[in-house]
Amino acid sequence: QVQLVESGGGLVQAGGSLRLSCAASGRPFSGTSITWFRQTPGTERKFVAGINQSGGLTPIADSVKGRFAISRDNAKNTVYLQMNSLKPEDTAVYYCAAGDYYFPPARPSDYDYWGQGTQVTVSS
């Protein structure tokens, strides 16, 4: 069993930055891969970025490449999503999900453990 808590969302102007955090508990964090998804009303959750157990593999969606970066701090049991140059189309609820993948997959159905989500709103 894994418990995930996201934080760091909020309202920001276009071009601004936010850093989301995903704090995990309930299993050894060093053996856990974490993936960020985002969702807007009426749509499916979409892959944003993932990080494997070692931090050596960090797949990222083309739509955010060059603007977002994912990292982990195993001492704090936390994964971060640094979001820069935010655009209105980045507005969504952001969720983190846990797995034990060497290469975190992009399908939401591959994950059993989810956080409650954090809202990110980017104004134009």
Side-chain angles (χ1 to χ4, degrees):
Q1 196 79 358
V2 181
Q3 292 78 45
L4 302 171
V5 178
E6 302 98 334
S7 61
L11 174 64
V12 64
Q13 288 189 332
S17 298
L18 284 174
R19 189 178 77 161
L20 305 184
S21 299
C22 174
S25 61
R27 65 179 280 180
F29 187 69
S30 60
T32 302
S33 62
I34 298 290
T35 304
W36 286 97
F37 293 84
R38 65 187 182 185
Q39 187 173 27
T40 55
T43 69
E44 295 183 349
R45 291 182 187 182
K46 295 181 180 178
F47 169 80
V48 176
I51 189 165
N52 73 346
Q53 296 92 328
S54 70
L57 289 176
T58 55
I60 194 162
D62 288 342
S63 59
V64 303
K65 197 168 291 183
R67 300 188 297 120
F68 290 13
I70 188 170
S71 61
R72 65 188 295 151
D73 184 340
N74 285 351
K76 295 183 178 180
N77 288 3
T78 300
V79 166
Y80 303 100
L81 184 68
Q82 179 66 45
M83 305 188 297
N84 300 325
S85 302
L86 283 161
K87 304 175 180 180
E89 51 263 44
D90 294 319
T91 295
V93 178
Y94 284 71
Y95 298 91
C96 64
D100 57 0
Y101 297 108
Y102 176 72
F103 191 91
R107 293 184 309 181
S109 59
D110 286 323
Y111 297 87
D112 293 328
Y113 303 108
W114 293 86
Q116 82 288 350
T118 186
Q119 176 71 46
V120 171
T121 302
V122 184
S123 63
S124 57

Q | Within residues 57-74 or reaching into it, pairs that qualify as salt bridge (charged side-chain N to carboxylate O under 4.0 Å, His left out) - sequence neighbours excluded | A | Asp62-Lys65, Arg67-Asp90
(Q) Enumerate the salt bridge (charged side-chain N to carboxylate O under 4.0 Å, His left out) contacts for residues 113-124, please, sequence neighbours excluded, ordered by first and then second residue. (A) none
Q: Output all residues satisfying side chain to side chain donor-acceptor pair (under 3.5 Å) with Arg27, sequence neighbours left out; order by chain, then residue number.
A: Thr32
Q) Quick one: salt bridge (charged side-chain N to carboxylate O under 4.0 Å, His left out) partners of Arg45, sequence neighbours excluded? A) none
**Q.** Trp36 versus Ile70, closest heavy-atom pair with distance
**A.** CD1-CD1, 3.6 Å
Q. Any side-chain heavy atom of Leu86 within less than 4.5 Å of one from Phe68?
A. yes
Q: For residues 15-24, pull every pair meeting salt bridge (charged side-chain N to carboxylate O under 4.0 Å, His left out), keeping only residues two or more places apart or in separate chains.
A: none
Q) Is Pro108 close to Trp114 at the side-chain level, that is, under 4.5 Å between some pair of heavy atoms? A) yes
Q: Would you check if the side chain of Ser33 reaches a backbone N or O of Gly99 as a donor-acceptor pair within less than 3.5 Å?
A: yes
Q.
For residues 69-107, which residue pairs pass the ring-ring contact (aromatic ring centres under 6.0 Å, His included) check, not counting sequence neighbours?
A. Tyr101-Tyr111
Q: Indicate the atoms forming the closest heavy-atom contact of Phe37 with Val48, along with that distance.
A: C-CG2, 3.8 Å
Q.
Tell me every residue that passes side chain to side chain donor-acceptor pair (under 3.5 Å) with Asp100, counting only those two or more places apart in sequence or in another chain.
A. none
Q.
I'd like to know if Val2 and Val79 are part of one continuous hydrophobic network [Ile/Leu/Val/Met/Phe/Trp/Tyr, side-chain heavy atoms within less than 4.5 Å].
A. yes
Q. Can you pull the salt bridge (charged side-chain N to carboxylate O under 4.0 Å, His left out) pairs that have at least one residue in residues 101-111, sequence neighbours excluded?
A. Arg107-Asp110
Q. Ignoring hydrogens and geometry, is there a side-chain-to-backbone donor-acceptor pair from Gln116 to Val5 under 3.5 Å?
A. no
Q.
So which atom in Leu81 and which in Ala49 form the shortest heavy-atom distance, rounded to 0.1 Å?
A. CD1-CB, 4.2 Å
Q) Does any non-hydrogen side-chain atom of Thr40 lie less than 4.5 Å from one of Thr91? A) no
Q: Establish whether Met83 and Val12 are linked, either directly or via other cluster members, by ILVMFWY side-chain heavy-atom contacts under 4.5 Å.
A: yes
Q) How close do Ile34 and Cys96 get, heavy atom to heavy atom, and via which atoms? A) CG2-CB, 4.1 Å
Q: Only counting residues at least two apart or in another chain, list the ones meeting salt bridge (charged side-chain N to carboxylate O under 4.0 Å, His left out) with Asp112.
A: none
Q: Please list, chain by chain and in numerical order, all residues satisfying side chain to side chain donor-acceptor pair (under 3.5 Å) with Ser17, sequence neighbours excluded.
A: Asn84
Q | Minimal non-hydrogen separation, Pro88 against Ala14, with atom names | A | CD-CB, 4.1 Å
(Q) Within this structure, what is the OG1-OH distance for the pair Thr35 and Tyr113, rounded to the nearest 0.5 Å? (A) 14.5 Å
Q: Any pair with a residue in residues 47-76 that passes disulfide (SG to SG under 2.5 Å), sequence neighbours left out, goes on the list, sorted by first then second residue, please.
A: none
(Q) Using side-chain heavy atoms (C-beta onward) and a distance below 4.5 Å, is Pro104 in contact with Asn52? (A) yes
Q: Answer yes or no: are there more than 12 heavy-atom neighbours, outside Gln13 itself, under 6.0 Å from its atom CD?
A: no
**Q.** side chain to side chain donor-acceptor pair (under 3.5 Å) against Asn77, all qualifying residues, sequence neighbours excluded
**A.** none
Q: Grab the two heavy atoms, one from Leu4 and one from Ala24, that are nearest each other, plus how far apart they are.
A: CD2-CB, 3.6 Å
Q.
To the closest 0.5 Å, what do you measure between NZ (Lys76) and CG (Asn74)?
A. 12.5 Å
